[in-house]
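In what follows, a structure is listed as structure tokens, so that the remarks can point back to it.
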2 protein chains.
Amino acid sequence: MGQHGQEQGRPDTRTRIQDAATELFRRNGYSGTGLKRIAAEADAPFGSIYHFFPGGKQQLTEETIRTAGAAYGRMVLALLDTVADPVESVAHAFEAAADDLEATGYADACPIAAVALEVASTNETLRVATADIFTEWVGAGEQWFARWVPDPGAARSLAHSLIMILEGAFMLSRATRDREPLRAAGQSMAVLLRSAIEQPGRPS
Amino acid sequence: MGQHGQEQGRPDTRTRIQDAATELFRRNGYSGTGLKRIAAEADAPFGSIYHFFPGGKQQLTEETIRTAGAAYGRMVLALLDTVADPVESVAHAFEAAADDLEATGYADACPIAAVALEVASTNETLRVATADIFTEWVGAGEQWFARWVPDPGAARSLAHSLIMILEGAFMLSRATRDREPLRAAGQSMAVLLRSAIEQPGRPS
DNA sequence: GTCTATAGGTAGATAGAC
DNA sequence: GTCTATCTACCTATAGAC
């Protein structure tokens with residue numbers, strides 16, 4: 001159920017539009033997703049999009065980036081806290097990501113990645129929105145790694161690396177329809193974290 | 001100069017169209033790039049696109065993915081061979097990538113990344129083209145790492161990780177307009193490679 | 001406030017002059 | 001084989017009925 005979903009039953013129209021937009025942007029990107037298609041998937045009349053998002057496609061996209069991006073970050077963090085040992089937890093998180101990806105026919109990965117690459121050089125408002133989300137994720141990841149890696153710079157570098165290698169692994173796994181990239185990504189992150197824990201003096 | 005460029009002077013029309021398409025797809029993605037814009041940037045008449053690429057936008061895009069993708073792989077490999085020590089070489093390659101990215105206003109990164117995310121769930125022909133290129137890169141990277149890492153599985157995992165963390169770093173650096181993600185990526189790859197060289201028995 | 005119809009513009013694709 | 005004019009379909013956005 002969406003963020004602003006009603007207590008029970010079907011989410012309200014605005015929420016359905018945002019949820020449908022999130023799924024379509026994730027699969028088809030920004031330019032590849034039409035507002036008519038969003039309205040159809042949300043089972044909402046076309047005019048409702050401009051009723052709830054008077055700023056049009058850009059406003060809807062910005063809210064989608066910020067809402068879905070923040071939710072995705074929380075989901076990954078929660079996933080990392082289901083296993084006690086940090087190295088095992090990281091490896092487990094990538095396996096879970098591979099399970100999800102495979103279960104959705106290699107469609108549902110990061111909700112903002114495709115849009116981020118499309119707008120980075122073409123739409124400053126949306127570019128800043130994606131940058132804010134990535135920055136938020138790095139900060140949250142840095143705090144998580146800081147529990148086991150005392151050096152702040154090392155924790156920050158690990159957070160960057162986790163996000164980057166996950167995004168890259170999603171790209172390769174979606175393109176090749178193969179779990180192997182995600183598995184290799186999880187192994188590498190496990191090595192990096194173990195190295196940072198065992199050898200605090202060396203750069204990571 | 002483009003792959004089929006003439007011996008001297010201006011490249012031929014077909015090459016100019018492909019080169020323009022490569023740059024536009026890299027910056028704006030597949031759906032975000034119109035054929036009229038490609039013709040304009042190539043300084044070619046619109047009809048020439050269908051003269052040289054009778055299959056239309058999809059054929060032009062597929063050829064662009066395969067040509068620019070293979071060239072980009074060769075370029076990165078060549079960059080890795082400019083420094084003798086492998087760990088230093090990897091770190092140097094990411095610094096060079098950051099220099100290039102910054103010099104182009106955070107626009108010119110991987111030529112197929114944006115298209116790959118857009119078509120992965122929407123266009124099977126183009127999805128396969130991106131998968132073929134990624135697979136080609138992994139194979140080439142595997143051979144490069146095998147020079148210093150005897151275990152084939154470890155070399156393959158390192159190749160996957162290099163490509164994935166580079167793609168992820170491009171995504172974050174373009175979005176945030178900051179070199180830091182690319183720098184962190186280079187440091188992490190250096191740690192991974194050093195770990196694989198020094199501890200051949202552990203997974204990498 | 002929900003929804004339909006449509007305007008204005010641009011997309012990919014094609015026909016045909018030269 | 002180079003180039004222009006145009007077709008149909010779809011896009012975002014808006015006007016206005018209910």
Side-chain angles (χ1 to χ4, degrees), chain A residues 2 4-6 9-25 27-65 114-115 118-119 122-126 129, chain B residues 2 4-6 9-25 27-65 114-115 118-119 122-126 129:
Chain A
H4 298 98
Q6 293 165 328
R10 194 191 202 199
D12 58 34
T13 303
R14 194 194 149 97
T15 301
R16 292 204 313 279
I17 290 172
Q18 251 205 355
D19 290 349
T22 298
E23 289 312 301
L24 288 168
F25 286 144
R27 289 178 172 84
N28 310 334
Y30 179 68
S31 300
T33 301
L35 295 183
K36 288 208 169 87
R37 177 95 191 273
I38 292 174
E41 297 280 334
D43 194 24
F46 181 76
S48 293
I49 290 181
Y50 283 89
H51 175 68
F52 291 109
F53 305 90
K57 190 179 189 179
Q58 176 170 300
Q59 184 191 345
L60 171 57
T61 307
E62 181 174 5
E63 291 198 26
T64 295
I65 290 168
V115 176
E118 263 188 285
V119 303
T122 58
N123 186 315
E124 189 65 4
T125 300
L126 297 182
Chain B
H4 297 98
Q6 292 167 328
R10 195 193 200 198
D12 59 33
T13 303
R14 195 193 148 96
T15 302
R16 293 204 313 280
I17 291 172
Q18 251 204 357
D19 290 350
T22 299
E23 290 312 301
L24 288 168
F25 286 144
R27 289 179 173 86
N28 310 335
Y30 179 68
S31 299
T33 301
L35 295 182
K36 293 206 167 87
R37 176 95 190 273
I38 292 174
E41 297 280 334
D43 194 24
F46 181 76
S48 292
I49 291 182
Y50 284 89
H51 175 69
F52 291 110
F53 305 90
K57 190 178 189 181
Q58 176 170 299
Q59 183 191 345
L60 170 58
T61 306
E62 181 174 8
E63 291 198 26
T64 295
I65 290 168
V115 176
E118 263 187 286
V119 304
T122 57
N123 186 314
E124 188 65 5
T125 300
L126 297 181

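Per chain, numbering begins at 1; letters A, B, ... match sequence-line order.
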Distance in angstrom units between [X] [atom1] and [N] [atom2], rounded:
X	N	atom1	atom2	value
B/I17	D/dG1	CD1	C1'	12 Å
B/D12	D/dG1	CG	P	13 Å
A/F46	C/dT6	CZ	C1'	11 Å
B/R10	D/dT2	CZ	P	12 Å
B/F52	D/dC3	CZ	P	10 Å
B/Q59	C/dG12	CD	P	15 Å
A/R37	D/dC11	CZ	P	10 Å
B/K57	D/dC10	NZ	C1'	13 Å

- Go through B/E63 and B/Q59 one step at a time and tell me if the side chain to side chain donor-acceptor pair (under 3.5 Å) criterion holds. CA-CA 6 Å; B/E63 291 198 26; B/Q59 183 191 345; 3.1 Å; yes
- Query: Do any side-chain nitrogens or oxygens of A/Y50 fall under 4.0 Å of OP1 or OP2 in D/dA13?
  - Reply: yes
- Could you tell me whether the phosphate oxygens of C/dT2, OP1 or OP2, come under 4.0 Å of any side-chain nitrogen or oxygen in A/H51? yes
- Indicate, with a heavy-atom threshold strictly under 4.0 Å, whether A/F53 touches base, sugar-phosphate, or nothing. nothing
- Message: For a 4.5 angstrom cut-off between non-hydrogen side-chain atoms, does A/R16 reach A/R10?
- Response: yes
- Considering only heavy atoms from C-beta outward, does the side chain of B/L60 approach that of B/F52 to under 4.5 Å? no
- Testing C/dT2, D/dA13, D/dT2 for proximity to the side chain of A/P45, the answer is C/dT2
- Query: Start at the 5' end of DNA chain C and walk down; is the nucleotide closest to B/T33 or to A/G47 reached first?
  - Reply: A/G47
- Item | CG on B/D19 to CD on B/E41, rounded to 0.5 Å | 12.0 Å
- Message: I'd like to know if B/K36 reaches the base of C/dT10 with its side chain such that a donor and an acceptor end up less than 3.5 angstrom apart.
- Response: no
- Message: Run A/Y30 and A/K57 through side-chain contact (heavy atoms from CB on, under 4.5 Å) and show every step you take.
- Response: CA-CA 9 Å; A/Y30 179 68; A/K57 190 179 189 179; 3.8 Å; yes
